[in-house]
Protein chains: 2
Amino acid sequence: MANVPIKNKIRELRFFADEMTQKELAELVGVTRQTIMAIEKSKYSPTLEVAFKIAEVFGQSLEEVFQYEG
Amino acid sequence: MANVPIKNKIRELRFFADEMTQKELAELVGVTRQTIMAIEKSKYSPTLEVAFKIAEVFGQSLEEVFQYEG
DNA sequence: ACCAAAAGTTAAAAATACTTTACTTTAAGT
DNA sequence: ACTTAAAGTAAAGTATTTTTAACTTTTGGT
C-alpha cells in the first residue's frame with residue numbers, strides 16, 4: 001500500500017494564500033504542524049477527513065489539492 | 001475528530017454498477033470485505049488512497065462518492 | 001552578523017484504519 | 001422449506017496516521 005504516493009499542491013496553495021505558514025494551516029485544519037509537513041512532503045497520505053479539511057481551507061476541490069495516479 | 005462522519009454513496013453506486021457485491025468491490029479496491037463494510041456504513045473514514053481507489057472503480061470523482069459536511 | 005520565525009527531522013507514544021478469523025443474520029432462488 | 005451467497009458483527013492483531021516534544025537547519029529582516 002502507499003505504492004505510488006499521492007501528490008499534492010499544498011505548498012503552492014499555501015503561498016498563493018498570502019504565504020500561509022504550515023503552523024497556520026495546521027491550526028485551521030485542526031492537526032499539528034508535523035502532520036501538515038508529512039502530508040505536504042507526501043511522507044504518507046492523510047485520512048479522507050483531513051484531506052477534505054485541507055481542501056476546504058483553500059476553497060478548492062479535493063482533486064485540485066490531491067492527485068492520485070492510479 | 002471524526003466529529004461529523006463523511007457520508008458516501010457506495011451502496012447506491014454498487015447497485016448501479018450491476019449489483020456489484022461488497023466482496024467484488026473489496027477485491028477491485030484491494031482491501032477486505034469488512035473494510036468496505038465499515039466505510040460503507042461510515043464506521044470510520046478511509047485513507048485518501050482507499051477513497052481514491054473506490055472512486056476510480058466507479059469511474060466517479062471523489063466528491064461524488066464521499067460528501068464532507070464541514 | 002544576529003535574531004526570530006519558519007521549515008525540516010527524529011523518536012516514541014497514542015489514535016485510527018485495516019486485516020484476519022469466525023460466527024450470525026438477511027435476502028434470493030429453486 | 002432448504003440452500004447458498006451476501007451482508008452484518010465482533011475481537012484481536014497488524015499497519016498506518018497523528019500527536020507530542022525536542023532539536024537542527026534554513027530563511028528573512030534589521
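Residue numbering restarts at 1 for every chain, and letters A, B, ... go by the order of the sequence lines.
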Review point. Passes side-chain contact (heavy atoms from CB on, under 4.5 Å), B:L13 versus B:I54? Steps please.
Key: CA-CA 10 Å; B:L13 287 165; B:I54 293 173; over 6 Å; no

Taking only the side-chain heavy atoms of [X] (C-beta and beyond), determine which of [options] contains the nearest atom.
X: B:P46; options: D:dA7, C:dC18, D:dT18; answer: C:dC18
X: A:T32; options: D:dG8, D:dT19, C:dA17; answer: D:dT19
X: A:T47; options: C:dT20, D:dT17, C:dA7; answer: D:dT17

Return the value, rounded to whole Å, for the distance between atom [atom1] of [X] and atom [atom2] of [N].
X: B:L25; N: D:dA6; atom1: CG; atom2: P; value: 13 Å
X: A:I10; N: C:dA7; atom1: CD1; atom2: P; value: 13 Å
X: A:R33; N: D:dT25; atom1: CZ; atom2: P; value: 15 Å
X: A:E40; N: D:dT17; atom1: CD; atom2: P; value: 17 Å
X: B:K41; N: D:dA6; atom1: NZ; atom2: C1'; value: 13 Å
X: B:M37; N: D:dA11; atom1: CE; atom2: P; value: 14 Å
X: A:K43; N: C:dT9; atom1: NZ; atom2: P; value: 9 Å
X: B:K23; N: C:dT21; atom1: NZ; atom2: C1'; value: 16 Å

Practice item. Look only at the side chain of A:S42 and the backbone of A:N8, and say whether a donor-acceptor pair between them is shorter than 3.5 Å. Key: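 Not confirmed, A:S42 side chain does not pair with A:N8 backbone.
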
Review point. OP1 or OP2 of D:dA6 less than 4.0 angstrom from a side-chain nitrogen or oxygen of B:R11, does that happen here?
Key: no

Check your understanding: Salt bridge between A:R14 and A:E40, side-chain N to carboxylate O under 4.0 Å?
Key -> yes

Exercise for review: Under 4.0 Å between any heavy atoms, over every strand shown, what does B:T35 touch: base, sugar-phosphate, or nothing? Just pick one.
Suggested key: base

Point to revise | Sugar-phosphate only, base, or nothing, as touched by A:T21 at under 4.0 Å among non-hydrogen atoms | key: sugar-phosphate

Check your understanding: Which sits closer to the 5' end of DNA chain D, B:Q34 or B:E24, going by the nucleotide each is nearest to?
Key ->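 The residue mapped nearer the 5' terminus is B:E24.
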
Exercise for review: Could you tell me whether the side chain of A:T47 reaches within less than 4.5 Å of the side chain of B:L48, counting heavy atoms only?
Suggested key: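 They are not in contact (no side-chain heavy atoms under 4.5 Å apart), so the answer is no.
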
Review point. Heavy-atom distance under 4.5 Å between the side chains of B:K9 and B:Q60, does that happen here?
Key: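 Not in contact.
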
